[in-house]
Amino acid sequence: MIESKRDIIRSDVDEDYACSGIVEAGDLVFISYCFGNVGQSIEKQIIGAIDTLEKRLESKGLTLESVVNVKCLFKDIMDLPVLKNVFKEKFKGKFPSRIAIQSDFVIEGLLFQLDAVAFKG
C-alpha cells in the first residue's frame, strides 16, 4: 500500500498497554515512553532514554537533529541540571524545545523518561 501524507501510521504498538510507541502523522513523528538504564544513576537514565529515542528515530530514517520538542519526566525535578549537560553532548547545539515535569512512575527504579516530536519533512 502506498502511504499518503494523510495516513496515520502507528508502530511499536503495545496491545497490553494500549499504546503506540511511534505515531507518524503528516510530517511529524510522535515518540513515547523513551527510557533506559532503569535502576542506574539519573545521568545514565537520561542517556538511556536518549539512546532509546535514537533507535526509534533510526527506525524511521531520522536522527536527533530532527527532534523539535521533548517532554522530560523526572521522578525528582531537582535532577533537571543533569539534563542540560547530557543534552549538550547528545544534541550538539541542535536543541529541541522542551518541558520538564515531575512525575511518579509505575516502574520501580525509573527516574527519567521522555516523549518526543520529530519533523520528517
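Values below: all heavy atoms of this structure, side chains included; hydrogens, waters and symmetry mates excluded.
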Asker: Using a 6.0 Å cut-off, check whether atom NZ of Lys60 has over 12 heavy atoms from anything other than its own residue.
Answerer: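 Atom NZ in Lys60 is packed in, count exceeds 12.
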Asker: Is there a side-chain contact between Ser59 and Ser11 (heavy atoms, below 4.5 Å)?
Answerer: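 No - every pair of side-chain heavy atoms lies 4.5 Å or more apart.
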Asker: State, to 0.1 Å, how close Met78 and Pro81 come at their nearest heavy-atom pair, and which atoms those are.
Answerer: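 Nearest heavy atoms, Met78 then Pro81: O-CD, 3.2 Å.
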Asker: Same cluster for Phe95 and Leu80 if Ile/Leu/Val/Met/Phe/Trp/Tyr side chains link at under 4.5 Å?
Answerer: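 Same hydrophobic cluster.
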Asker: About how many Å separate NZ of Lys120 and CD of Glu24, when rounded to the nearest 0.5 Å?
Answerer: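 Glu24 atom CD to Lys120 atom NZ measures 4.0 Å (nearest 0.5 Å).
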Asker: Do Leu28 and Ile31 belong together in a cluster built from hydrophobic side chains that touch within less than 4.5 Å?
Answerer: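 Cluster IDs for Leu28 and Ile31 differ.
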Asker: To the closest 0.5 Å, what do you measure between OG1 (Thr63) and CG (Leu53)?
Answerer: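 Between atom OG1 of Thr63 and atom CG of Leu53 there are 10.0 Å.
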Asker: Please report the closest heavy-atom contact between Tyr17 and Asp14, naming both atoms and the distance.
Answerer: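 So the two residues come closest at N-OD1, 3.0 Å.
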Asker: Once you round to the nearest 0.5 Å, how far does CZ of Arg56 lie from CG of Asp12?
Answerer: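 Rounded to the nearest 0.5 Å, the CZ-CG separation comes to 4.5 Å.
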Asker: If we only count heavy atoms from C-beta on, is the Phe112 to Ile42 side-chain gap below 4.5 Å?
Answerer: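 Answer yes - side chains close enough.
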Asker: Do other residues, nucleotides or ligands put more than 12 heavy atoms under 6.0 Å from the CD atom of Glu65?
Answerer: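 12 or below, so no.
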Asker: Is it true that, when you exclude Lys71 itself, more than 12 heavy atoms of the residues, nucleotides or ligands shown sit nearer than 6.0 Å to its NZ?
Answerer: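 Count not over threshold, so no.
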Asker: Looking at every non-hydrogen atom in both residues, tell me the closest pair between Ala116 and Val67 and how far apart they are.
Answerer: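 Smallest heavy-atom distance, with atoms named: CB-CG1, 4.2 Å.
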Asker: Rounded to the nearest 0.5 Å, what's the gap from NZ on Lys88 to CG on Leu83? Could you check?
Answerer: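 Lys88 atom NZ to Leu83 atom CG measures 11.0 Å (nearest 0.5 Å).
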Asker: Looking at Glu43, I want to see if its CD is surrounded by more than 12 non-hydrogen atoms of other residues, nucleotides or ligands under 6.0 Å.
Answerer: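 For Glu43, atom CD is not crowded (no more than 12 foreign heavy atoms under 6.0 Å).
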Asker: Please check if Val82 and Ile47 belong to a single hydrophobic cluster, counting links between Ile, Leu, Val, Met, Phe, Trp and Tyr side chain heavy atoms closer than 4.5 Å.
Answerer: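 Val82 and Ile47: one cluster.
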Asker: As a test of understanding, state which of Ser97, Pro96, Cys34 forms a side chain to side chain contact (heavy atoms under 4.5 Å, CB included) with Val70.
Answerer: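 Answer to the side chain to side chain contact (heavy atoms under 4.5 Å, CB included) test with Val70 among Ser97, Pro96, Cys34: Pro96.
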Asker: Kindly compute the distance separating CZ (Phe74) from CD (Gln45), expressed to the nearest 0.5 Å.
Answerer: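 It comes to 10.5 Å.
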Asker: Can Val68 be reached from Ile22 by stepping across I, L, V, M, F, W or Y side chains whose heavy atoms are under 4.5 Å apart?
Answerer: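 In one cluster with Ile22: Val68, no.
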Asker: Kindly work out whether a path of hydrophobic side-chain contacts (I/L/V/M/F/W/Y, heavy atoms less than 4.5 Å apart) joins Ile50 to Leu57.
Answerer: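 Same cluster: Ile50 reaches Leu57 through Ile, Leu, Val, Met, Phe, Trp or Tyr contacts under 4.5 Å.
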Asker: Decide side-chain contact (heavy atoms from CB on, under 4.5 Å) for Asp51 and Lys90; before the verdict, give the C-alpha distance in whole Å, the side-chain angles of both, and the deciding distance to 0.1 Å.
Answerer: CA-CA 9 Å; Asp51 290 346; Lys90 291 287 200 171; 2.9 Å; yes
Asker: At their closest point, which heavy atom of Val23 faces which heavy atom of Ser20, and how far apart are they?
Answerer: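 It is CG2-CB, 3.6 Å.
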Asker: A quick test of your reading: do over 12 heavy atoms of other residues, nucleotides or ligands sit less than 6.0 Å from OH of Tyr33?
Answerer: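 Open: at most 12 neighbouring heavy atoms sit under 6.0 Å from OH of Tyr33.
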Asker: If you take all heavy atoms of Leu110 and Phe105, which pair is closest and at what distance?
Answerer: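 The answer is O-CD1, 3.3 Å.
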Asker: Measure the spacing between CZ of Phe119 and CG of Asn69 and express it to the nearest 0.5 Å.
Answerer: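 So the gap between those two atoms works out to 14.0 Å.
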